[in-house]
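Contents: one structure, followed by commentary.
Keep in mind the model is a prediction, meaning the values are calculated, not measured. Here is how names work: the chains are called A, B, and so on, in the same order as the sequence lines, proteins then strands, and each is numbered from 1.
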Protein chains: 2
Amino acid sequence: MSARVTTLKELASSLGLSITTVSRALAGHQQIALKTRERVAQAARQAGYVPNTAARTLVSGRSGFVGLVLPIRGPNLVDSFLGEFITGLGEGLVAHGADLILATAAQDQAELAVLRHVVESGRADGVVITRIAEVDERLAYLRRRGFPFVAHGRLLDSDFAYNWLDTDGAHAFGEAFDMLYDLGHRHFGLVTISEPMTFRHLRQDGLAAAIARRGDPSVRLDVATAPRFDRGARIQAVNRMLQAPNRPTAVIALFDELALTVMEEASRAGLSVPRDLSIIGFDNVVASAYAPPGLTTFDASIRQCAREIADMLLTVIADRPAEPLTRLIRPTLVPRASHGPAPRARN
Amino acid sequence: MSARVTTLKELASSLGLSITTVSRALAGHQQIALKTRERVAQAARQAGYVPNTAARTLVSGRSGFVGLVLPIRGPNLVDSFLGEFITGLGEGLVAHGADLILATAAQDQAELAVLRHVVESGRADGVVITRIAEVDERLAYLRRRGFPFVAHGRLLDSDFAYNWLDTDGAHAFGEAFDMLYDLGHRHFGLVTISEPMTFRHLRQDGLAAAIARRGDPSVRLDVATAPRFDRGARIQAVNRMLQAPNRPTAVIALFDELALTVMEEASRAGLSVPRDLSIIGFDNVVASAYAPPGLTTFDASIRQCAREIADMLLTVIADRPAEPLTRLIRPTLVPRASHGPAPRARN
DNA sequence: TGCAGAATTGCAAACGTTTTAAATTTTTGC
DNA sequence: GCAAAAATTTAAAACGTTTGCAATTCTGCA
């Protein structure tokens with residue numbers, strides 16, 4: 001019934017050769033006679049020989065896998081980039097014959113524990129970590145172990161170097177501010193989250209820097225903060241901002257989901273976007289194109305980033321470069337219809 | 001620098017016990033004295049011992065992994081369910097201590113070759129296959145090998161039994177028709193794809209069956225077909241349908257992306273949804289909630305399905321049940337604002 | 001033909017675990 | 001206090017591969 005798997009031993013005996021020779025022949029060693037190499041390759045192909053991963057990993061110490069720990073959030077929360085990110089990683093890995101292992105961290109489980117398990121069980125040759133927190137124990141752990149990894153995102157400041165790829169959110173937020181300023185806006189709103197993620201600081205700092213660069217004392221910035229996954233609190237915070245006696249004319253949101261909430265609540269409050277209120281997001285999620293009037297946002301090309309992360313990690317694994325690899329990717333503005341000139345009169 | 005990994009041998013010698021005893025103690029064998037088991041567990045915890053996956057897999061023949069082959073499509077096409085699906089699989093697997101292997105099939109690469117590699121290299125104890133085609137060589141291969149698998153989707157008819165979980169698209173399409181019929185619609189449009197995927201037939205058949213059940217000769221059905229990933233052709237086909245002298249009053253789309261195209265083109269053509277045209281989709285993608293006026297669709301709860309698939313597969317791996325496991329999940333209608341009563345007068 | 005040296009092939013150990021069968025220690029019953 | 005039984009522990013083989021080193025075969029040349 002269930003077809004057995006061909007092993008090196010079987011292949012060897014069917015060819016009248018030793019296991020060693022067959023192994024070397026398949027690996028393409030020059031020391032094996034060309035004729036033998038061809039004969040072995042032919043037989044292996046015909047027998048459908050596929051080397052056993054476990055055996056190979058055991059002896060070589062290399063698994064050919066790259067690990068990613070997937071945290072499970074609430075029952076209805078799916079990381080909106082997961083699909084893109086994984087597709088990109090897969091693309092980057094397959095070019096080098098590597099595959100991805102996805103270890104899930106249950107909701108109540110520390111992500112670090114799962115990461116440790118992946119690393120120390122020898123399942124992976126390197127790992128990717130995402131969503132870097134202000135104080136990130138994963139980073140510290142991996143560094144302590146000297147285990148190959150690439151971070152998607154950066155620490156704010158660190159006393160050690162590591163491999164990372166990040167989206168230049170600071171630049172994007174500066175660009176957003178400049179564009180809105182040039183459209184006449186002076187009163188800005190920022191909708192952000194309360195979690196200690198570094199990308200939040202980087203983006204906010206980019207905005208602050210752009211404001212400072214203008215040196216215009218008439219610029220004003222209101223900030224609305226809510227926990228990332230608390231939709232109710234988010235809506236409340238947004239409404240507090242929109243319904244203030246003197247509301248901003250332009251709102252920049254930390255990411256699209258927040259921007260979409262602003263658009264919904266603005267429309268619910270009878271405000272017209274972008275006539276009464278300009279809104280700019282970040283991420284370019286699919287819904288941002290569909291939500292009327294079309295959200296102006298930044299595209300970070302997650303898939304491409306993930307692909308590069310895979311490349312970087314494979315380089316780190318293979319070459320262990322002395323200098324850490326770092327890449328800062330500039331997101332591109334996706335201008336849609338949610339931004340426009342500042343309204344003349346105030347309500 | 002790079003911390004070494006503790007092995008069973010080290011743990012054993014530090015405890016003054018044999019490898020065998022330590023192995024058994026950690027596995028919780030009753031034959032090992034309770035006191036010894038506790039002592040070993042304590043030492044293992046303290047040393048941070050994690051068993052080597054490769055070694056364990058090699059000897060036991062079980063890897064603790066479940067495989068999924070991820071086909072890479074065009075540069076900008078990401079499977080819209082991938083994130084949800086993987087999250088669900090992860091959730092289902094983690095409960096049993098299993099993890100997921102994601103093998104990517106490059107664009108030009110046969111998915112079957114990658115699947116074979118995953119199966120025959122012993123990387124996985126079972127696999128999940130999705131997007132079942134009318135004639136699916138993966139299914140045939142896995143069955144021939146007797147390798148544990150669960151299919152997400154079904155063959156239309158098969159002379160053999162296998163494990164599957166499917167969304168009851170036939171039922172949903174029947175429900176959509178009935179609802180629209182009761183709203184007075186008699187002239188229907190179906191927007192579908194040309195690829196030989198079984199879900200297409202199942203849904204279309206469900207629609208046909210519902211139409212037949214009514215036995216109303218005045219019911220008319222127009223069909224627009226386009227290749228799944230050819231956006232241009234899709235738009236053309238939709239417009240041909242919408243701009244026909246006698247267009248349908250209600251359109252059912254094979255899935256949301258097609259429905260969204262219909263909504264866009266309808267609005268471009270100056271049609272008001274749902275006043276002039278009712279539209280119903282399938283999948284409940286995120287954008288369907290945002291695209292005005294809000295798409296009525298069916299939610300197949302991919303994440304939950306994936307979770308069940310994981311459970312099923314783990315059962316299959318562990319118990320090799322004689323009878324195949326099958327589950328038909330009924331999707332739930334998500335009524336939004338894109339459907340309504342049939343218009344009185346015709347254009 | 002014989003021999004050095006190059007070319008080719010093979011033996012055996014190792015990777016870290018599980019598991020069978022056997023050895024050792026402890027307990028029990030009389 | 002001793003044999004038998006029960007409880008506990010261990011030695012060694014096995015999983016399928018890679019690889020250092022040794023063995024064998026071949027080639028060219030005297």
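- Using modelled atom types, one finds no donor on one side chain facing an acceptor on the other under 3.5 Å when comparing A:S23 with A:T20.
- Distance A:K9 NZ to C:dG10 C1': 15 Å, rounded to the nearest Å.
- Of the listed nucleotides (C:dT9, C:dT17, D:dG16), C:dT9 has the atom at the smallest distance from the side chain of A:I32.
- As a whole-Å value, the separation of A:L17 CG from C:dC11 P is 11 Å.
- In this structure, B:F149 has its ring center no closer than 6.0 Å to that of B:F147.
- Rounded to an integer number of Å, the gap from CG of B:L8 to C1' of C:dC15 is 13 Å.
- Considering only residues two or more places apart in sequence or on other chains, A:E308 meets the salt bridge (charged side-chain N to carboxylate O under 4.0 Å, His left out) condition with A:R327.
- In this structure, A:R62 places its CZ atom 16 Å from P of C:dG16, rounding to the nearest Å.
- The distance between atom CG of B:L34 and atom P of D:dT9, rounded to the nearest whole Å, is 11 Å.
- Residues A:R45 and A:Q42 have side chains in contact (heavy-atom distance under 4.5 Å, counting atoms from C-beta outward).
- Rounded to the nearest 0.5 angstrom, B:E84 CD and B:L82 CG are separated by 10.5 Å.
- Within a heavy-atom distance below 4.0 Å of DNA chain C, no residue of residues 113-123 of chain B is found.
- Of the candidates C:dC11, D:dT10, D:dG16, the closest approach to any side-chain atom of A:S18 belongs to C:dC11.
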Scoring nucleotides 19-27 of chain D by protein non-hydrogen atoms under 4.0 Å (B base, S sugar-phosphate only, - none) yields BBB------
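- Listed pair B:T36 / D:dT8 fails the phosphate criterion, with no side-chain N or O lying under 4.0 Å from OP1 or OP2.
- Contact between the side-chain N/O atoms of A:Y49 and the OP1/OP2 oxygens of D:dT17 is found at a separation under 4.0 Å.
- Atoms CG (B:L26) and P (C:dT19) sit 13 Å apart, rounded to a whole Å.
- With the nearest nucleotide of DNA chain D identified for both B:Q30 and A:A27, B:Q30 has the one nearer the 5' end.
- The nearest whole Å value for the distance from the CD atom in B:E10 to the P atom in C:dC15 is 11 Å.
- In terms of the side-chain hydrogen bond (donor to acceptor under 3.5 Å, both in side chains) criterion, residue partners of A:E120 (sequence neighbours excluded) are, by chain and number, A:R116, A:Y141, A:R145.
- In this structure, A:R303 is not positioned above the aromatic face of A:F85 in the sense of NZ or CZ being under 6.0 Å from the six-membered ring centre and within 45° of the axis.
- The ring pair (Phe, Tyr, Trp, His ring centres under 6.0 Å) check on B:F65 picks up nothing, with sequence neighbours excluded.
- Side-chain atoms of A:A33 lie closest to C:dT9 of the nucleotides C:dT9, D:dT8, D:dC15.
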Side-chain donor/acceptor pairs under 3.5 Å, residues 95-112 of chain A, sequence neighbours excluded:
unit_1, atom_1, unit_2, atom_2, d
A:Q109, OE1, A:A106, N, 2.8
A:E111, OE2, A:R138, NH1, 2.9

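- Residue A:R56 contributes atom CZ, which lies 8 Å from atom P of D:dT17 at whole-angstrom precision.
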